[in-house]
Amino acid sequence: MTTPRVRFAHRKPVDFAIVGSGAAGGVLARELSTAGFDVVVLEQGSYRRAEDFSHDELSVIIQHEISSGASGTWPQTFRRAADQKSVIPEFPAAYYATTVGGSSVHFSGNYWRLRPVDFNERSRLGAIKGTGFADWPLSYDELEPYYTRVDWEIGVSGAPGPFDPPRSRPYPLPPMPVKSSGVLLERGARAVGLHPQVAPVAVLSRPFNGRAPCIHCGFCMGFGCETGAKSSALATMIPQAEATGRCEIRPESTVYRLETDGRGRIGEVLYYDRDGGEQSQRARCVIVAANGAETPRLLLASESSRFPDGLANGSGKVGRYLMFNAHSVTHGVFDHALNDYKSVQCSRIVHDFYETDEKRGFYGGGGIDGRPFLSATPILYALNGLPPDGPRWGAQYKARLAEMFTRKMVVAGSTTSLPLETNTITLDPELRDPWGRSAIRVTYRDHPDDLAMATFLQDRAVDILEAAGANRIWREPVLPSTIGAHLLGTCRMGDDPETSVVDRYHRSHEIRNLFVCDGSSFVSSGRGQPTMTIQALAFRAAGHIARFARAGEI
Amino acid sequence: MTSRREFLQSTGAVLGTTWLATRWSEVLATGTAAGRARDDAKPFVALAAADAADLAAIAERIIPSGETPGAREAGVIWFMDQALSGFMSAALGLVTSGLADLNRRVLAEGLETRFVGLDAQAQDRLLTAIEAEPFFEAVHFMTLAGLFAMPAHGGNRDHVGWKLIGFEHAHGWQPPFGYYDGRADKDNGEST
């Protein structure tokens with residue numbers, strides 16, 4: 001542990017306390033400290049740096065060294081509906097990293113922008129009964145400059161595709177090298193009349209801003225990057241925030257309550273330090289950027305006599321409209337070695353089915369990509385990567401294990417999720433975490449249209465793999481989601497305080513000095529890769545929040 | 001205020017009922033101990049010698065040795081012993097009671113030996129009868145993890161698990177990565 005460049009007193013209010021150091025929190029910390037404000041970032045995970053990460057699959061993936069576990073330090077429960085008993089799942093339902101830099105540390109780096117349609121699809125298509133389908137309070141055009149800032153601030157590698165939304169500047173870095181899975185996806189997609197394109201990724205294809213490029217080790221998904229080529233908040237925003245001398249990253253600081261004063265403002269942030277000791281940080285303004293599961297948990301847990309349903313929750317929408325993005329997974333085996341365990345997950349994608357097409361008979365759109373998925377590392381491959389038929393042990397099983405690892409790929413589909421009021425993050429009434437906080441309880445059942453879209457993309461995946469020459473193809477059944485790594489929608493933005501949690505500037509409707517900015521701000525789900533939008537929103541929010549602070553409007 | 005360490009211990013006791021427990025911090029010590037135990041032929045930590053022999057025999061039926069090395073050559077039993085004394089200690093009871101049950105089945109067939117003493121055909125017959133049980137799932141998981149986890153965790157000796165499937169562990173790679181992106185007729189990186 002290195003000594004922070006600056007330490008702020010706990011009892012003297014800082015300008016901003018930010019809860020969470022991930023994709024959004026990192027950007028907010030960097031922008032506000034650069035703008036001259038004093039910032040304390042409270043992060044429940046440890047401060048690991050590039051040299052602390054490893055390829056140790058047993059520790060990192062199986063034992064959740066840097067992520068939420070279902071039991072243990074960050075327990076959760078899961079149920080499909082409110083009338084079911086929740087259980088502790090074997091794998092966490094809300095999957096996120098618990099380390100400085102948040103889930104931007106362990107994500108795969110797929111970096112899609114949303115498109116204009118994602119912001120106003122409700123107006124284009126009309127209401128969808130039984131859902132909270134709604135427009136965003138901002139447009140793609142308003143967010144575009146911030147997407148471009150993200151590209152150039154953190155380093156994104158890519159090339160334009162035929163269906164891309166308008167961009168005001170080209171990609172700062174050329175595409176990553178195409179992988180065999182990308183070549184095969186292109187071949188198959190073209191053969192069936194589709195338009196494959198380069199996958200944009202938040203990974204450096206060339207040196208950028210003093211950082212070295214990717215060495216294609218292949219340990220992206222679920223792992224922290226050992227060279228810093230993955231453009232995580234840890235590799236990009238956080239060192240720049242600390243270099244201002246006005247930002248303190250305070251790791252192993254587990255926030256359990258935001259305390260409001262007699263005027264209904266937040267005066268202090270209560271947290272446990274690494275030894276379990278109770279601590280408090282005073283701040284003039286608090287920004288919660290803890291992710292779409294932790295953020296609503298904290299707001300709900302901060303209930304008081306004045307705010308009996310939790311903070312910022314006059315609408316009753318805190319924790320509701322959770323959206324995961326549904327997925328389909330289709331495996332294909334080829335005659336020669338792809339070695340898809342090397343380099344980034346995705347090098348090519350297909351966006352022909354992004355828009356909703358009413359001829360399909362259901363709402364939704366999505367994207368397709370080629371990738372190793374869980375077969376990027378040996379243990380997960382052995383547990384998940386083989387066809388479901390055939391022996392699970394013995395000589396034949398061993399032969400199959402040996403045969404397929406280098407020769408297979410996955411064509412994955414990721415889709416829209418409709419916002420449902422019944423898909424929620426709530427406080428588990430029984431289970432407590434090691435600090436005594438109520439555990440996160442996830443309640444989730446995909447809308448039938450989400451699963452229909454996932455199945456539609458799986459049908460296309462089979463077409464693509466057949467046309468690419470796969471000698472063996474199998475589908476993973478499209479089933480209701482039990483795991484989400486995209487934690488979206490649980491404190492949605494909107495102009496109407498009756499139906500949303502934060503306004504178009506991410507300020508909570510009820511508490512003037514409380515802002516919320518992360519995946520929870522999403523109104524719709526996009527088509528499956530949310531991190532770039534989380535960061536664009538954070539750049540935009542930071543500008544507005546700084547403006548409010550200077551004007552004395554916080 | 002209870003310390004975080006005490007919190008973690010008490011939570012482990014309450015929640016450590018699934019075999020995929022998450023007490024990762026203990027594995028660091030575990031890895032070192034595994035290397036020592038293997039090198040010095042020290043006794044097993046979690047397992048009685050007879051149980052270890054049976055467990056190793058099961059692992060060797062899951063990933064048998066043949067033209068290529070299997071669970072035996074990978075030293076999977078050393079991974080299992082260290083896992084069951086470390087991050088999977090909550091599963092130790094499941095494993096020992098599962099072994100006792102398996103050996104009761106051996107006796108019920110009138111065979112005067114433990115599982116390890118049976119021929120491969122008889123072993124496979126007994127394992128087929130229990131392959132849907134949690135005990136078998138746990139051993140199946142440990143066999144695969146012991147075959148493919150980093151050698152520091154006790155198994156995957158000389159990377160035999162990785163060599164079996166063609167996974168090469170290197171710090172990094174450069175393209176071409178595979179057959180299809182290495183061919184001259186591949187896409188040149190510019191999509192239309």
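Everything quoted here is computed from the prediction, not taken from an experiment. Residue numbers begin at 1 in each chain, while the letters A, B, ... track the order of the sequences.
- Across all non-hydrogen atoms, the minimal contact from A:Leu383 to B:Leu144 is CD2-CD1, 3.9 Å.
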- request: Decide yes or no on side chain to side chain contact (heavy atoms under 4.5 Å, CB included) for A:Glu57 and B:Met150, but give the supporting numbers first.
  value: CA-CA 8 Å; A:Glu57 188 183 12; B:Met150 281 188 158; over 6 Å; no
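- Heavy atoms closer than 4.5 Å to chain B are found in both the backbone and the side chain of A:Phe334.
- Contacts of A:Ala337 with chain B are made by backbone atoms alone, with heavy-atom separations under 4.5 Å and no side-chain atom involved.
- Close approach to chain A, defined as a heavy atom under 4.5 Å from one of its heavy atoms, is seen in B:Arg61, B:Ile62, B:Ile63, B:Pro64, B:Ser65 of residues 54-65 of chain B, taken by number.
- Using a 4.5 Å cut-off between heavy atoms, B:Glu168 contacts chain A through both its backbone and its side chain.
- In this structure, no portion of A:Asp340 lies under 4.5 Å from any heavy atom of chain B.
- Between the side chain of B:Tyr180 and the main chain of A:Gly182, no donor-acceptor pair closer than 3.5 Å is present.
- Shortest non-hydrogen contact noted between A:Lys398 and B:Leu164 is CE-CD1, 3.7 Å.
- Of the possible donor and acceptor atoms, none in the side chain of B:His169 sits under 3.5 Å from a partner among the backbone N and O of A:His55.
- Panel note: side chain A:Asn339, backbone B:Phe177; a donor-acceptor pair is recorded below 3.5 Å.
- For B:Ala170, the part sitting under 4.5 Å from any heavy atom of chain A is the backbone (N, CA, C, O) and nothing else.
- The aromatic rings of B:Phe167 and A:Tyr341 lie tilted to each other, with the angle between the two planes from 30° to 60°.
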